[in-house]
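Below is one structure, written out as structure tokens; the observations come after it.
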Amino acid sequence: MDFRSYMDVALEEARAAGGRGEVPVGAVIVGPAGVIAQAGNRTRELHDPTAHAEILAIRAACAALGQERLTGYDLYVTLEPCPMCAAAISNARIARLYYGAADPKSGGVAQGPRIFQHAQCHHAPEVYDGIAAQPSEALLKDFFAAKR
């Protein structure tokens, strides 16, 4: 079986988020039939601090499937998930997490609290980092440079 990355879809969502004035982060959930859900950050647009790309994609995938668990599904996201998103990934029982850029300031997977390594974490996905890290980092750096 050949590996196929869906990070290109996540990057499209990140670009769209940046175009809306949101921090450019995109996420996509993939299952055996392909893409189930995709989203970009919408915290400002929705006036909702939980409207991170990962959370929105998880909500959409669960709604589309009519279930609260995403066992066997993969999540691609352009930035290392924050602690809130990492906890949601665990609760959703995502099988594999692929992410692009590391987030030394706010990450919750390889940085900071390392949610999946915590004793109270009920499920830890397989984690693959650095997938399309350079374009993911470039989107973020360009976005924040324009804000300064």
Side-chain angles (χ1 to χ4, degrees), residues 1-46 48-65 69-117 121 123-148:
M1 181 173 169
D2 293 326
F3 172 76
R4 187 226 191 271
S5 174
Y6 288 83
M7 193 60 82
D8 57 331
V9 179
L11 284 163
E12 287 175 24
E13 287 292 337
R15 287 185 198 96
R20 294 189 302 271
E22 301 280 355
V23 174
V25 177
V28 60
I29 295 180
V30 180
V35 174
I36 301 299
Q38 58 194 70
N41 276 356
R42 292 187 178 274
T43 59
R44 289 176 175 83
E45 176 186 345
L46 299 176
D48 179 357
T50 69
H52 290 196
E54 303 96 318
I55 299 290
L56 295 174
I58 288 169
R59 288 176 183 162
C62 287
L65 296 168
R69 298 280 188 258
L70 298 172
T71 306
Y73 288 82
D74 298 343
L75 171 64
Y76 290 81
V77 62
T78 57
L79 181 65
E80 176 183 352
C82 72
M84 173 185 70
C85 292
I89 291 163
S90 175
N91 287 327
R93 306 301 196 264
I94 297 281
R96 284 165 293 279
L97 167 65
Y98 301 90
Y99 70 86
D103 189 354
K105 181 180 176 192
S106 301
V109 176
Q111 320 284 327
R114 297 183 173 121
I115 296 298
F116 302 138
Q117 295 176 17
C121 180
H123 168 77
E126 294 175 31
V127 177
Y128 302 91
D129 63 352
I131 309 296
Q134 192 282 327
S136 298
E137 290 169 5
L139 278 173
L140 291 160
K141 286 178 181 176
D142 292 348
F143 177 80
F144 286 112
K147 294 282 183 195
R148 293 185 180 105

- Task: Return the minimal non-hydrogen interatomic distance between Ala110 and Tyr99, and the atom names on each side.
- Result: CB-OH, 3.5 Å
- Message: Could you tell me if the side chain of Glu54 sits less than 4.5 Å from the side chain of Leu97, heavy atoms only?
- Response: no
- Message: Using only atom types and a distance under 3.5 Å, with no angle test, would you say the side chain of Gln111 pairs donor to acceptor with the backbone of Lys105?
- Response: no
- Task: Would you mind reporting whether Pro125 and Arg96 have side-chain heavy atoms less than 4.5 Å apart?
- Result: no
- Task: Using modelled atom types only, decide if a donor and an acceptor are shared between the side chain of Ser90 and the backbone of His123 within a distance under 3.5 Å.
- Result: yes
- Message: Is it the case that the side chain of Thr78 and the backbone of Gly26 share a donor-acceptor pair, with hydrogens and angles ignored and the cut-off at 3.5 Å?
- Response: yes
- Note on the structure: Interatomic distance, OG1@Thr43 vs CG@Leu56, rounded to 0.5 Å, equals 9.0 Å
- Item | Close side-chain approach of Leu70 and Cys62, heavy atoms under 4.5 Å | yes
- Query: Is any side-chain heavy atom of Tyr73 less than 4.5 Å from a side-chain heavy atom of Leu65?
  - Reply: yes
- Message: Run Arg15 and Leu139 through side chain to side chain contact (heavy atoms under 4.5 Å, CB included) and show every step you take.
- Response: CA-CA 7 Å; Arg15 287 185 198 96; Leu139 278 173; 3.7 Å; yes
- Closest heavy-atom pair, Ala57 versus Ala27, reported as atoms and distance to 0.1 Å, is CB-CB, 4.2 Å
- Task: Side-chain contact test, heavy atoms from C-beta onward, threshold under 4.5 Å: evaluate it for Arg44 versus Val23 and give yes or no.
- Result: yes
- Message: Side chains of Asn41 and Pro24, heavy atoms from C-beta outward: is any pair under 4.5 Å?
- Response: no
- Query: Which atoms form the tightest heavy-atom contact between Ile94 and Ile29, and what is the distance?
  - Reply: CD1-CD1, 4.4 Å
- Note on the structure: Shortest non-hydrogen pair, Gly31 vs Ile36, comes out as N-CG1, 3.9 Å
- Rounded to the nearest 0.5 Å, what's the gap from CD on Gln38 to CG on Leu75? Could you check? 12.0 Å
- Message: Just verifying a value: how many Å separate Ile55 CD1 and Met84 CE, rounded to the nearest 0.5 Å?
- Response: 4.5 Å
- For Tyr76 against Met7, the heavy-atom pair lying closest together: CD2-N, 3.9 Å
- Query: If you look at every heavy atom in Ala86 and Gly108, which pair is closest and at what distance?
  - Reply: CB-O, 4.1 Å
- Query: Below 4.5 Å, heavy atoms only, C-beta onward: do Val28 and Glu13 meet side chain to side chain?
  - Reply: no
- Message: Treating Glu22 as the side-chain partner and Glu45 as the backbone partner, does any N or O pair qualify as donor plus acceptor under 3.5 Å?
- Response: yes
- To the nearest 0.5 angstrom, please state how far the OG atom of Ser106 sits from the CG atom of Leu79. 8.0 Å
- Query: Looking only at atom types and distance, does a side-chain atom of Arg20 sit under 3.5 Å from a main-chain N or O of Gly18, one as donor and one as acceptor?
  - Reply: no
